[in-house]
Structures are given as structure tokens and as C-alpha cells.
Amino acid sequence: MRIPLSKWVWICLAGRMFDLKFFRENVDTIRAGIARKKFACDLDAVLELDNRRRAVIQEAEELRAQQKSANSDMARLQKGSDAFMAKVAEMKDLSTRVKELQAQQAEAEEAWLQAYLAIPNMPHASVPDGDSESDNVVAHSWGDPEGVSEHARPHYDLPAFSRWVDLARGTKVTGAGWPFFVGDGARLVRSLIQFFLDENTRAGYLEVSPPLCVNPQSATATGQLPDKEGQMYHATGEDLYLIPTAEVPVTNLLRDEILDAARLPIKACAYSPCFRREAGSYGKDVRGLNRVHQFDKVELVEWVHPDHSFDELEQLRRQSESLIEKLGLPYRTLLMCSGDIGFPHAKQYDLEVWAGGQKRWLEVSSCSNFTDFQARRAKIRYRDSEGKPQVVHTLNGSALAIPRVLAAILENNLNADGSITVPEALRPWMGKDRIDPNPDYFG
RNA sequence: GGAGAGAUGGCUGAGUGGCCGAAAGCGCCCGCCUGCUAAGUGGGUAUACGGUUAUAAGCCGUAUCGCGGGUUCGAAUCCCGCUCUCUCCGCCA
């Protein structure tokens, strides 16, 4: 991935991830935050490049100011007069020096920016210290993992699984990890989508149906680029990326806009398929529906006033949790530790449902506060009481990722006869309360 | 896919090489006036970065006229490339 210099400079000038002054004056705080996140990055080098950049800018602008003032003098001279020609000769030299310095300036800005963009977002004070996923804290749990069906089996071992979710034919048609959902499998997917969308819109989220491809700028704004380029499918002919989550197009929906402060928070929900290359995945993680290249998900995105973003994160998380509860699936909510949250995140919760057949937790949602990290890159702002533009905070969370929820339902709701009990909440769309264990779709 | 037109500040819209960051109008904000939800009138009205400074106000400077590059002492204005929008034709869910 190569973003042209101009784009980097644009990000540099308009969408930095920290406030520049804040950065210069709180280096130690940021250093401590990076250490907590277990990221390596050389802040002294960034500072040094920043100093160099500013020195060069100053020099270049000084010369440019001379050039401009000479220019207005020349406007008053008789064109072609001796005085005029003398001035032209004099300015020729200045002109070359201005060009040299401007080239230096571009270089200095580029060098600084590359270093600067490599700084992750700071973890919030409420994020626990930790090195890895084993240090995540269970913040909340619901339901009894021991209480699921005594018949529970891994979903990929169910006799009818390959008929509801046809991985073999998906492999033929596309490749491994591109399932067909068929019959009740497809209907279950649709029911979940409808249920989630209805619940979320009822909770006040505006429904949005986004484009499934985004341009590099959008992927940069939300932080997928340049960090995770290898995880996205790239349509090279058009230089577009297939979205790994609706977060990307939906957050960018309001990019480069100044929002009405009185309308914050703005909350949206979106259903979309998600495309992920999942390079490097292997083993039992990829069995059945645990990890696939294309899956359906309903996502929540919020644009929030900075003063309220951490409170709003709790509500967002509650919204996602409530959906799992309505499906009757045991789950736990993990508060991710500093070493396990992602590059752009300030605070993150992962919601995991209990898959009683596999006897393991499956992540079905990740709810995060990005504070101003994405909003600066995406230039999403509001006007404060003095009319000055300020960056908003962005939040998002899955509500929810469908295949793993489906897997948990298949496992936990398995009856002795092989049928699956349809969760009450889905019956309006399923049109039945049990799924037949012996479907015959293709003869 | 073919042909043409266009892209300027919150909006409309001037500006074809030089005090143009940009006329004018609208909108908006702050005054004044007016016995009244109007008219008139004066002023103000972008964003970002750098410097100065109390990390305030103010002031100074630079950049931005779709994006990138070029010509020139000097570019909104000229040249090249790209993107997007609109109209017409073709194709298509």
C-alpha cells in the first residue's frame, strides 16, 4: 500500500491522531501509554523529526514571505522597465532557493509523519495492565455454561450441519472458508440479521446500508491502513478494499464533516457482509463457522461528544449484551487489558458466547472507544460553545457477528433427536420453533 | 463504453498571469435605528499549520480557488495528468 505523499501530508495537517501540542507537552504520558500497550515506538525520534520539520518550515516560509512581498512590489512597477528587469533577475535566485526549501520541507514532513502515524492510541486509565489475552478481566457474565443442552456437540460434527452450512460446495465455488448457507441455515442467518437490526433500531440506532467496498482514504481513516493491509481483500483494478467490517464505511459516512453538537451522540447500525483474508489462521480455529472469509454482521457506530464517550461505551456494550441475553446464550464480557487492545483503541470490551459443544468461548462482539484517533484521521468534528471545531469521539461495536452466534445456537440448543430449538426471539422470522435434523435440500 | 459541459468560501456567483484568501449577493453573528416578529444601517463572518505569548486574547507568517505535477521572478488564472459531478447516446440489475 502506498498513499501518495500529498495524502500523508493531508492527514498530517488535518487529521493527526493526537493534538500536536498535547503530544509535545505530554511525551512522558504517551510514552507510558505505549509501554502499557506493549507497542514499541521511538518517541524521541518523533520529537526530533518534529523539531527538524518545524525548523525547515520556518525557514521555507520566511523565504516565501520575501518572495511574496517582492511580488507585490513588482506589481506596481512598469513592466519591462529597468527596475522591473533588475527585480526579476534578483528574484530568480530566491525562486530556486524557495523551491529547494520546499522540497526539503516535504521530505521533513514525510519523515516525521511516518514516525508519527506509528504511534498507537493511548489506553484509557480504566484499562487494566497486562501483556496478553490471559490478562483480560471478566467484567460481566450472564447465563450458565453448564446449563446448556446435555446433548451439545460441536456444530461442525452435527449430522445435518453440512446441509445447513455447505462448506464443501463453498470451497468448490469460491474457496475454503466461503460457506453457502442453505435452507434453515440461510433462514437462521436472515432471522438473526432481522432480529439484530430491529432491536438496534428500536434502541435508537439509525439503520444504514453501506457500500461493501471502500477507497484507501476511508480505510486509512479508521485505522485499517496502513496497519492491517494484508487482512483486507483488495480490488486492484479499482484500488478498492472489500470491507472487513461495516465500521469502515459507516464511520467514514460523516468524514470531513462538522456535526451539529446538539445532535450528538449520533448512533447508527448497519448490516453488512464482512470480508477477511484471515491470513495465517489455521487449526481448529477455522473449523466449521469459527472463522470464515465472508460473514454477516450487524455493527453499531457512534459519534459522541468527547466528554461522554466512555459512558457511551458502557451503553453500547449493554446494547450488544442485551441481544445475546435475548437469544438465551451464556456469555461473558472481557475488559481487554492494555497489551491486548488494538492499535487505534483506547478501551475495548470483547463479548464471548459459550459454545457448549466445543466447550469454548467464541468472540461475537468487540465494543470499542477510539476516542479521537479515528475522528482526527477522518476529520469528523463538531462546534463547541465558542464555535470552534473540535474532534468527536467514535465508538463501535458488533451487534452481533452472525456465524458464531449461529454456531452457539446449533450447539447449545441441540435436542436428543438432533433437532435444534429455535430461540424464542427468532421465531417470528424462522416461522417455526424447531429445526428439522434431516433436511433434504438437493435429493 | 462513446460525446460534451463543468468543479471557486456555508450557499449563489465574479474573476484568463501580479497588492486576489479571492468582487457582489444571500445566509449567519454583533451593534445602531425603528413602537415592534419587517425595512434601513455599520461592522464582522473559513480551515490548518508555524512563530510570538500566560499551552489566553491579540498580532505576524505560510498554505488552501477539485487532486497532482509543470511553465514563470510571480498561477484561482497558462500547460500536462488524474478524480469527481452534470447532460446526451449505448449497455445493464
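What you are looking at is a predicted structure, and each value in this text was computed from that prediction instead of being measured. In what follows, chains are A, B, ... by sequence order, proteins preceding strands, each numbered from 1.
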Separation of the [atom1] atoms in [N] and [M], to the nearest angstrom:
| N | M | atom1 | value |
| --- | --- | --- | --- |
| B:C78 | B:G17 | P | 8 Å |
| B:U16 | B:G74 | C1' | 15 Å |
| B:G70 | B:A75 | P | 12 Å |
| B:G9 | B:G15 | C1' | 14 Å |
| B:G69 | B:A46 | C1' | 27 Å |
| B:U53 | B:G66 | C1' | 37 Å |
| B:U72 | B:C91 | C1' | 47 Å |

Check side-chain contact (heavy atoms from CB on, under 4.5 Å) between A:Glu90 and all other residues, then give those that pass, not counting sequence neighbours.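 A:Glu90: side-chain contact (heavy atoms from CB on, under 4.5 Å) contacts with A:Lys87.
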Atom pairs, protein N/O to nucleotides 80-83 of chain B N/O, distance under 3.5 Å:
none

Are there any protein N/O atoms within less than 3.5 Å of an N/O atom in nucleotides 54-56 of chain B, and if so, which ones and at what distance?
{"residue": "B:U55", "atom": "O2", "partner": "A:Glu25", "partner atom": "OE1", "Å": "2.6"}
{"residue": "B:U55", "atom": "N3", "partner": "A:Glu25", "partner atom": "OE1", "Å": "3.2"}

I'd like to know if A:Arg64 pairs up with A:Glu61 as an ion pair, taking the criterion as any Lys NZ or Arg NE/NH1/NH2 lying under 4.0 Å from an Asp or Glu carboxylate oxygen.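 No salt bridge links A:Arg64 with A:Glu61.
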Would you mind telling me which of A:Leu206, A:Leu197, A:Val250 makes a side chain to side chain contact (heavy atoms under 4.5 Å, CB included) with A:Cys269?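 Result: among A:Leu206, A:Leu197, A:Val250, A:Leu197 is the only option passing the side chain to side chain contact (heavy atoms under 4.5 Å, CB included) with A:Cys269.
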For B:G10, does OP1 or OP2 lie under 4.0 Å from any side-chain N or O of A:Arg383?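 For B:G10, neither OP1 nor OP2 has a side-chain N or O of A:Arg383 closer than 4.0 Å.
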So what does A:Arg52 hit on the nucleic acid, given a heavy-atom distance under 4.0 Å: a base, only sugar-phosphate, or nothing?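 Contact class for A:Arg52: none.
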Taking any heavy-atom pair under 4.0 Å as a contact, classify A:Gln67: base, sugar-phosphate, or nothing.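 Result for A:Gln67 = sugar-phosphate.
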If you round to the nearest 0.5 Å, how far is SG of A:Cys367 from CE of A:Met336?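 Between atom CE of A:Met336 and atom SG of A:Cys367 there are 11.0 Å.
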So, under a plain 3.5 Å distance rule, would you say the side chain of A:Lys79 forms a donor-acceptor pair with the base of B:G18?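 Such a pair exists between side chain and base.
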Quick check: any donor-acceptor pair below 3.5 Å linking the side-chain of A:Gln58 to the base of B:G51?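 By the distance-only test, no, there is no pair.
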Determine which pairs satisfy side-chain hydrogen bond (donor to acceptor under 3.5 Å, both in side chains) with at least one residue from residues 188-216 of chain A, sequence neighbours left out, and list them in order.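 Found A:Glu199-A:Arg202, A:Glu199-A:Lys326, A:Asn200-A:Gln319, A:Tyr205-A:Glu302, A:Asn215-A:Ser218.
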Within residues 84-94 of chain A, find the residues that approach RNA chain B with a heavy atom at under 4.0 Å, and present them sorted by residue number.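 Contacting residues: A:Phe84, A:Val88, A:Met91, A:Lys92.
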Can you list every stem that RNA chain B is part of, counting only runs of 3 or more consecutive Watson-Crick or G-U wobble pairs with both distances under 3.5 Å?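 Paired runs of 3+ in RNA chain B: B:1-7 with B:83-89, B:10-12 with B:24-26, B:27-32 with B:40-45, B:46-52 with B:58-64, B:66-70 with B:78-82.
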